Number of protein chains: 2
Amino acid sequence: MKSFSIFVDLKNPQRRRMQGANWQKNMKLKEFAEKVGLSPTTVSRALGGYPEVREETRQRVMQAALKYGYLPNANAVRLATGRAGAIGVVMGRSGGGHFFSEFMGGMATRLEREETDILVSVTVDNNLDEELAIFSRLAASGRVDGIIVHSPRPEDERIALLNRLGVPFIVHGRSKTPFEHAWLDIDNHDVTYRPTIHFLERGHRRIALINGPVGRTFVRDREQGFREALATHGITPDPRFMMNEHFSEETAFRFARSLLEQTPRPTAFVAGAMMTAQGVYRAATQMGLTIGKDVSVIAHDDVFPYLTPESMMPPLSTTRSPMRMAGIRVTDLLLQIIGGRPVREVQELWPVELILRESVGPA
Amino acid sequence: MKSFSIFVDLKNPQRRRMQGANWQKNMKLKEFAEKVGLSPTTVSRALGGYPEVREETRQRVMQAALKYGYLPNANAVRLATGRAGAIGVVMGRSGGGHFFSEFMGGMATRLEREETDILVSVTVDNNLDEELAIFSRLAASGRVDGIIVHSPRPEDERIALLNRLGVPFIVHGRSKTPFEHAWLDIDNHDVTYRPTIHFLERGHRRIALINGPVGRTFVRDREQGFREALATHGITPDPRFMMNEHFSEETAFRFARSLLEQTPRPTAFVAGAMMTAQGVYRAATQMGLTIGKDVSVIAHDDVFPYLTPESMMPPLSTTRSPMRMAGIRVTDLLLQIIGGRPVREVQELWPVELILRESVGPA
DNA sequence: TTGAAAGCGTTACCAG
DNA sequence: CTGGTAACGCTTTCAA
């Protein structure tokens with residue numbers, strides 16, 4: 001493992017002494033307890049909902065807390081309990097933009113009744129040292145009780161680091177690191193395998209793949225699924241029919257158009273995301289080709305509220321797996337791990353459902 | 001102001017006593033100081049970068065920290081200093097999905113060299129009590145040093161609450177609350193006014209508006225800009241030509257199609273977001289109408305990496321204002337406010353630039 | 001320039 | 001069931 005500075009914060013050694021918050025802080029427990037006429041201990045227990053206080057007492061305390069607007073200081077609680085009351089999630093600066101908010105919506109849904117915050121960190125892409133420093137800081141400084149790692153690489157140093165630090169974490173996606181760890185992933189192999197097989201069965205032979213940036217496990221898995229599907233029919237994929245880029249409407253459009261201009265052109269596209277499917281639609285339409293007839297498309301859909309495959313023209317066939325659901329479940333599992341559940345038990349592979357709509361036709 | 005429960009967390013009074021983290025925690029300051037052969041005091045000062053320690057000593061301490069992997073416990077620091085080292089941002093559960101990640105990317109960019117975390121809270125839409133409780137909890141419990149409020153309403157109780165609590169905050173958007181507060185907003189009036197004026201000058205008279213959900217200030221401002229622009233030509237807008245929905249491709253498509261089926265149909269659309277412009281494009285294309293000729297479109301663009309107006313067919317005219325920039329600046333301003341800058345000085349209205357591309361033609 | 005000791009605001013242990 | 005007291009791990013006077 002490479003060495004790196006943990007002190008991302010301390011690059012600038014000369015610092016002025018900062019004053020604490022200058023706004024009116026909350027009432028303290030001691031002060032509040034006096035008003036209620038009980039000891040801080042009892043008040044703390046009453047508010048904490050512990051069984052050893054009389055129900056009547058608890059009611060009185062709760063009422064008073066509401067009345068005076070008392071709320072325990074989170075940082076004191078954290079220090080005293082050793083719990084951070086937060087889980088960290090790390091997003092890449094550029095990658096994952098549009099689905100990230102769906103995932104986080106899921107996280108929030110799961111945490112709604114929990115007294116746990118979401119702490120978001122953003123890594124600078126392609127700077128491993130800094131990325132590792134962020135994870136270090138997050139874990140070792142006690143800011144979070146657990147961490148969610150996105151879009152892992154097959155050999156992911158972040159996972160090795162977290163494993164070494166001993167902080168509870170779960171990987172959204174998969175890697176091949178030898179360290180035992182918790183993960184949840186959709187079946188990215190099937191995300192391409194099943195659409196490709198379907199295309200093959202309908203007679204397609206020239207099938208293109210729009211894939212994500214090289215390096216991530218899910219990209220590798222999807223390529224492998226694609227290759228394996230083609231292999232069942234003795235086809236070796238043409239490298240020019242495979243794209244590796246960040247998912248965007250425009251790159252997909254360019255790629256699709258350049259392919260559709262060729263002779264012979266591909267008759268089917270496996271698209272990695274909704275946006276890229278839109279790009280293919282646009283390219284085909286522009287060239288006077290009809291989706292579902294001249295060109296077939298199946299895309300993976302993370303399910304967004306603002307862009308639904310059913311409403312596309314024609315309705316887009318998809319492998320569907322709501323990112324929001326993943327956010328809920330990943331969070332749930334992480335909480336279990338924090339609670340002590342062995343990570344070896346926490347490994348979930350979610351199947352994807354292939355939903356056929358009108359964007360697919362015979363070759 | 002309505003009353004509400006601060007104790008969102010305590011709905012369930014009977015709770016088990018939870019144990020603290022069960023993973024190996026970091027080395028403590030005391031322990032680390034012993035290894036270095038200095039007092040905790042000096043070590044703390046050295047790591048904190050304060051001027052009173054000898055440079056040589058500091059170097060020695062820094063080296064040792066790296067070597068032993070020592071990192072101060074964040075919660076102890078927070079308690080001791082009174083600073084939370086985090087700023088909170090609140091997103092609506094459904095709203096703001098796709099642009100939220102851009103905004104947060106901007107926040108992260110600004111905070112990169114700061115030792116400040118981003119704490120994300122998610123509110124349940126249309127439940128004011130719970131929403132206020134979330135803000136209360138965030139502010140009064142000392143979890144954050146400041147808060148960012150999104151998509152305010154003209155009379156926004158959240159602002160009143162934060163104002164009352166005294167926590168530093170900044171509003172991304174505007175409201176009409178009488179409380180003096182910091183805000184940054186784009187000129188939403190111009191977001192519709194300028195496109196509409198442009199349409200009028202090119203001879204358009206039947207202009208449709210795709211607007212956001214009623215209740216938010218930006219929606220009101222945009223409607224007003226639209227109305228004012230039309231008024232300059234003595235036009236009273238047809239209510240059927242105005243849509244108020246969450247921005248999505250599909251709703252915009254439906255709306256546009258239903259209007260384009262009418263006689264006479266609108267010749268121009270002012271769209272509130274990129275996604276809705278796509279919906280209009282699709283509707284027009286489906287009906288055999290040509291964008292930029294039969295139907296003109298100008299949309300507001302928050303600037304996403306995965307969907308660019310230049311690459312649309314034809315290139316889309318936009319009012320442009322990068323959400324990422326807003327994220328950077330809002331965060332920057334909030335830090336200033338936390339640092340003591342008077343809020344009356346912190347009020348920024350950003351102009352939008354109208355960028356004409358080929359989606360606009362004469363009526 | 002360094003160190004001892006007193007907080008910071010809670011919770012948790014142990015008596016009563 | 002309730003209360004005193006010692007942590008929790010660090011920063012910050014105040015002395016030296």
Side-chain angles (χ1 to χ4, degrees), chain A residues 9-10 15-21 25-34 36-61 65 68 70-85 115 140-143 145, chain B residues 9-10 13-21 24-34 36-61 65 70-85 115 140-143 145:
Chain A
D9 309 339
L10 302 176
R15 197 166 39 158
R16 283 182 316 153
R17 196 151 242 132
M18 292 201 288
Q19 59 180 356
K25 282 300 180 66
N26 228 11
M27 181 182 283
K28 328 278 177 216
L29 172 58
K30 190 179 168 195
E31 183 184 352
F32 173 62
E34 275 171 14
V36 195
L38 286 166
S39 74
T41 308
T42 305
V43 170
S44 171
R45 281 194 279 240
L47 256 31
Y50 295 113
E52 59 263 45
V53 295
R54 207 195 322 162
E55 185 52 32
E56 180 199 321
T57 309
R58 183 203 320 292
Q59 288 303 332
R60 188 155 58 92
V61 174
Y68 295 111
Y70 170 74
L71 209 54
N73 178 296
N75 299 319
V77 173
R78 287 164 172 159
L79 181 57
T81 60
R83 267 175 277 127
E115 41 198 308
S141 69
R143 292 174 144 72
D145 296 316
Chain B
D9 311 337
L10 303 176
Q14 291 299 330
R15 195 167 41 157
R16 284 182 315 150
R17 194 153 243 131
M18 292 201 290
Q19 59 181 355
Q24 177 60 42
K25 281 303 180 65
N26 228 10
M27 182 182 283
K28 328 279 177 215
L29 172 58
K30 189 179 168 194
E31 184 184 351
F32 172 61
E34 275 170 15
V36 195
L38 286 167
S39 73
T41 310
T42 305
V43 170
S44 171
R45 282 194 278 239
L47 256 32
Y50 296 114
E52 58 264 41
V53 296
R54 206 194 324 164
E55 186 52 32
E56 180 199 320
T57 310
R58 185 204 317 294
Q59 288 304 331
R60 187 153 59 92
V61 174
Y70 171 72
L71 209 53
N73 178 295
N75 299 318
V77 173
R78 287 165 172 159
L79 181 57
T81 61
R83 266 175 279 127
E115 42 197 309
S141 69
R143 292 174 145 72
D145 296 314

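A note on names: the letters A, B, ... follow the listed sequences, proteins ahead of strands, and every chain is numbered from 1. Quantities reported herein were computed from a predicted structural model and do not represent experimental measurements.
Every residue meeting the side-chain contact (heavy atoms from CB on, under 4.5 Å) condition with B:Gln59, not counting sequence neighbours, appears here in chain and number order: B:Glu55, B:Gln63. With sequence neighbours left out, the side chain to side chain donor-acceptor pair (under 3.5 Å) criterion links A:Asn73 to no other residue. For A:Ala80, there are no side-chain contact (heavy atoms from CB on, under 4.5 Å) partners two or more places apart in sequence or in a different chain. Residues passing the side chain to side chain donor-acceptor pair (under 3.5 Å) test with A:Thr42 are A:Ser39, sequence neighbours excluded. The side-chain contact (heavy atoms from CB on, under 4.5 Å) search around A:Lys30 returns A:Glu34, not counting sequence neighbours. Among residues two or more places apart in sequence or in another chain, the side chain to side chain donor-acceptor pair (under 3.5 Å) test is passed with A:Thr41 by none. Qualifying side chain to side chain donor-acceptor pair (under 3.5 Å) partners for A:Ser141, counting only residues two or more places apart in sequence or in other chains: A:Arg143.
Judged by distance alone, with hydrogens and angles left aside, the side-chain atoms of B:Arg78 form no donor-acceptor pair with the main-chain N or O of B:Gly85 at under 3.5 Å. Between the side chain of B:Arg45 and the main chain of B:Glu52, no donor-acceptor pair closer than 3.5 Å is present.
Taking 3.5 Å as the limit, the base of D:dG9 and the side chain of B:Arg78 contain no donor-acceptor pair of atoms between them. For B:Thr57 and C:dT2, a side-chain-to-base donor-acceptor distance below 3.5 Å is absent, hydrogens and geometry of angles not being considered. Scanning atom types as modelled, no donor and acceptor separated by under 3.5 angstrom connect the side chain of B:Thr42 and the base of C:dG3.
Between the CZ atom of A:Arg143 and the P atom of D:dG9 there is a distance of 16 Å, given to the nearest Å. With rounding to whole Å, A:Glu52 atom CD is found 14 Å from C:dC14 atom P. Rounded to whole Å, the distance from CG on A:Leu47 to P on D:dT2 is 14 Å. Look at CD on B:Glu34: it is 14 Å from P on D:dG9, rounded to the nearest Å.
The listed nucleotides are D:dG4, D:dT12, C:dT1; the one nearest the side chain of A:Thr41 is D:dG4.
At D:dT2, none of the side-chain N or O atoms of A:Arg45 fall inside 4.0 Å of OP1 or OP2 (strictly under the cut-off). Phosphate contact (OP1/OP2 of C:dG3, side-chain N/O of B:Ser39, threshold under 4.0 Å): present. Neither OP1 nor OP2 of D:dT11 sits under 4.0 Å from any side-chain N or O of B:Tyr50.
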Atom pairs, protein N/O to nucleotides 7-10 of chain C N/O, distance under 3.5 Å:
from   : atom 1 : to      : atom 2 : distance (Å)
C:dG9  : OP1    : A:Lys28 : NZ     : 2.9
C:dT10 : OP1    : A:Tyr70 : OH     : 3.0
C:dT10 : OP1    : A:Asn73 : N      : 3.2
C:dT10 : OP2    : A:Leu29 : N      : 2.5
C:dT10 : O5'    : A:Tyr70 : OH     : 3.3

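Axis orientation changes by 30° from one end of the helix from C:dT1-D:dA16 to C:dG16-D:dC1 to the other, with each end axis drawn from 5 pairs and the value rounded to 10°.
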